[in-house]
Participant: 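Here you go, one structure.
Values in this document were obtained by computation on a predicted structure and should not be read as measured data.
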Amino acid sequence: MRENPLVLHVLGARPNFVKAAPVVRGLADLGVRQGIVHTGQHYDALMSDVFFADLGLPEPVANLAVGSGSHARQTAALLTGLEEVVLEHRPDLVVVYGDVNSTLAAILVCAKLHVPTAHVEAGLRSFDREMPEEVNRVVTDALADILLVTSPDGLSHLANEGVPASKVHLVGNPMIDSLFAALPQLDPAPLRERLGLPERYAVATLHRPANVDDPGAAREMVEAVLAVGEQLPVVVPLHPRGRTRLAEAGLVTGDTLMIIDPLGYVDFLSLVRGAALVVTDSGGVQEETTMLGVPCLTVRPNTERPVTITHGTNRLVTPATLPAAASKALSDGAGTPSGELPPLWDGAAGPRIARVIEAWLRGDNLSPAAQGVPPATG
């Protein structure tokens, strides 16, 4: 290991930026040399640049600007671009986040070049291999050298897959660190005024291929959201992915539906904080609504984040059951997390992760106790 080792963070989509910011700050506090590689998987300024500003991330050392495309085309472009970056900078450790194609490409490049890697958000499983994200998770965890786990169920999943316990660290959820840091700025009132929203409204985010790629599924999804709109106005910050397909299926601005461009981090969470209900197929939104106490209906048959159901405000629904579930959630009033919040979702995950990485760079294997983590049970 070099005397002044270099850590590179590979970020591709907006949830990656949110998870990385506390880790970058934690490593900076420990004096670790680091840089960010922005793959440009989310290439729109509203999907990436504004997140750098909102989260206080430094300028990237490289921006690959790969843009969108099929999984194969996008991953191929990422493999080529990331190989060049890794060979140029020769990092001592590459940190990847979540489950997007940038994560998969980075882990493959580093494995072939014998560059060590750490995976933040390791161990999440939906057990649905039809989800491209699930394939990315399984491959990434099989190849990573350090596995940084956000919730206790991840420990069990990795153990069942034969991952050595010495590689695995339960550290909590850095996305929650970012949310806690942003809380003082989260004011729904200016956004409501700007968008002309009443005090009571819903937010919907839709982008999963299963919900937007197939024309029949997209129509079913749109009909369900329009039915929710009959109960209260719905505002939809629409991801570029699937926008045309959903518009063709009838998801257009009308009396009870408002389609808007993607929002920055602070604006989006402000909108969510003020919502009476959130409809989503996003993983990160399930976590954020859990912490904000906002009822969340996830339009998916499964979730890799079951802790948001057992400890939070999240419920799984189908398009067919969404309108009735929305009616019940609205009549039940403001959501409150049931029981205790998920373990270590306390706003200190970033420093824990930084300590694990810094110890690894020194050649130490930091024990859970040294990380300030209670022993895992079960």
Side-chain angles (χ1 to χ4, degrees), residues 14-15 42 44-51 54 182 185-208 211-213 215 217-282 284-286 288-289 292-300 313-315 317 319 321-331 333-335:
R14 57 196 291 168
H42 277 179
D44 187 287
L46 291 170
M47 301 295 283
S48 61
D49 295 355
V50 70
F51 271 54
D54 282 354
Q185 304 173 66
L186 304 186
D187 182 3
L191 267 175
R192 281 206 315 265
E193 182 177 352
R194 190 171 93 205
L195 298 174
L197 290 170
E199 189 164 339
R200 191 169 167 84
Y201 62 91
V203 174
T205 70
L206 306 168
H207 74 282
R208 294 281 176 189
N211 285 332
V212 305
D213 280 5
R219 278 195 302 274
E220 189 179 6
M221 188 71 253
V222 168
E223 288 169 3
V225 172
L226 291 174
V228 174
E230 294 175 1
Q231 302 176 49
L232 79 172
V234 181
V235 58
V236 188
L238 197 54
H239 192 300
R241 182 179 215 294
R243 181 185 283 262
T244 301
R245 180 81 72 195
L246 290 170
E248 290 171 351
L251 195 72
V252 294
T253 294
D255 291 340
T256 61
L257 194 69
M258 179 182 295
I259 310 299
I260 62 173
D261 286 332
L263 296 169
Y265 180 68
V266 170
D267 279 351
F268 177 71
L269 281 187
S270 296
L271 192 68
V272 167
R273 190 180 197 181
L277 174 70
V278 170
V279 176
T280 192
D281 56 14
S282 162
V285 173
Q286 297 172 49
E288 289 159 345
T289 49
L292 293 171
V294 177
C296 179
L297 300 177
T298 298
V299 192
R300 285 173 45 187
T313 62
N314 185 33
R315 297 295 177 267
V317 298
T321 62
L322 174 58
S327 177
K328 184 178 187 306
L330 292 169
S331 65

Participant: Using a 4.5 Å cut-off on heavy atoms from C-beta on, say whether the side chain of V279 contacts that of V234.
Facilitator: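 No, every pair of side-chain atoms sits at 4.5 Å or beyond.
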Participant: With sequence neighbours excluded, what pairs up with T205 under the side chain to side chain donor-acceptor pair (under 3.5 Å) test?
Facilitator: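 With neighbours one apart ignored, the set is T280.
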Participant: Rounded to the nearest 0.5 Å, what separation is found between the CD atom of Q286 and the CG atom of N314?
Facilitator: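 Reported to 0.5 Å precision, the distance equals 4.5 Å.
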Participant: Start with the C-alpha gap between L195 and L271, add the side-chain angles, then the distance that decides, and say whether side-chain contact (heavy atoms from CB on, under 4.5 Å) holds.
Facilitator: CA-CA 10 Å; L195 298 174; L271 192 68; 4.1 Å; yes
Participant: For the CG atom of L246 and the CZ atom of R243, what is their distance to the nearest 0.5 Å?
Facilitator: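 So the gap between those two atoms works out to 9.5 Å.
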Participant: If I compare all heavy atoms of L269 with all of L186, which pair ends up nearest, and what's the gap?
Facilitator: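 Answer, listing the atom of L269 first, then L186: CB-CD2, 3.7 Å.
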Participant: Please enumerate all residues that pass salt bridge (charged side-chain N to carboxylate O under 4.0 Å, His left out) together with D267, with sequence neighbours excluded.
Facilitator: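 With neighbours one apart ignored, the set is R194.
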Participant: With sequence neighbours left out, write down each residue that passes side-chain contact (heavy atoms from CB on, under 4.5 Å) with A217, or none if nothing qualifies.
Facilitator: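 side-chain contact (heavy atoms from CB on, under 4.5 Å) check on A217 returns D214.
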Participant: Side chain of D54, backbone of Y265: donor and acceptor closer than 3.5 Å?
Facilitator: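 Side chain of D54 to backbone of Y265, a donor-acceptor pair under 3.5 Å: yes, one is there.
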Participant: Rounded at 0.5 Å granularity, tell me how far CG in L297 sits from OG1 in T313.
Facilitator: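 Answer for the CG-OG1 pair, L297 versus T313, is 9.0 Å.
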Participant: Report, as yes or no, whether the 6.0 Å neighbourhood of atom CZ on R192 holds more than 12 heavy atoms from other residues, nucleotides or ligands.
Facilitator: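 Yes, CZ of R192 has more than 12 neighbouring heavy atoms, counting only those of other groups under 6.0 Å.
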Participant: Going by the rule side-chain contact (heavy atoms from CB on, under 4.5 Å), which residues pair with E248 if we only count those two or more places apart in sequence or in a different chain?
Facilitator: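 For E248, the residues satisfying side-chain contact (heavy atoms from CB on, under 4.5 Å) (neighbours in sequence not counted) are T244, R245.
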Participant: Which heavy-atom pair separates V285 from T289 by the least distance, and what is that distance?
Facilitator: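 Here V285 and T289 meet closest at O-OG1, 2.8 Å.
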Participant: Apply side-chain contact (heavy atoms from CB on, under 4.5 Å) to D281 and list each qualifying residue two or more places apart in sequence or on a separate chain.
Facilitator: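 Checked D281 against side-chain contact (heavy atoms from CB on, under 4.5 Å); matches are L206, H207, R208, N211, R300.
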Participant: To the nearest 0.5 Å, tell me how far F268 CZ sits from E288 CD.
Facilitator: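 Atom-to-atom, F268:CZ and E288:CD are 6.5 Å apart.
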Participant: Work out which heavy atom in Y201 is nearest to a heavy atom in P188; give both atom names and the distance.
Facilitator: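 Distance-wise, the nearest heavy atoms are OH-CB, 4.1 Å.
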Participant: To check you understand the geometry: which heavy-atom pair defines the closest contact between A329 and L277, and what is its length?
Facilitator: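 Heavy-atom minimum between the residues: CB-CD1, 3.9 Å.
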Participant: I259 and T253: which non-hydrogen atoms are nearest, and at how many Å?
Facilitator: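 I259 and T253 have their closest heavy atoms at N-OG1, 2.9 Å.
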Participant: From L197 CG over to M258 CE, what is the distance, rounded to the nearest 0.5 angstrom?
Facilitator: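 Here the interatomic distance stands at 5.0 Å.
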Participant: Which heavy atom of P237 sits nearest a heavy atom of L263, and at what distance?
Facilitator: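 Scanning both residues completely, I find the closest heavy atoms to be CG-CD1, 4.4 Å.
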Participant: When the side chains of residues 220-232 are checked against the rest of the protein, which donor-acceptor pairs come out under 3.5 Å, sequence neighbours left out?
Facilitator:
unit_1: Q231; atom_1: OE1; unit_2: S327; atom_2: N; d: 3.3
unit_1: Q231; atom_1: NE2; unit_2: P323; atom_2: O; d: 3.0

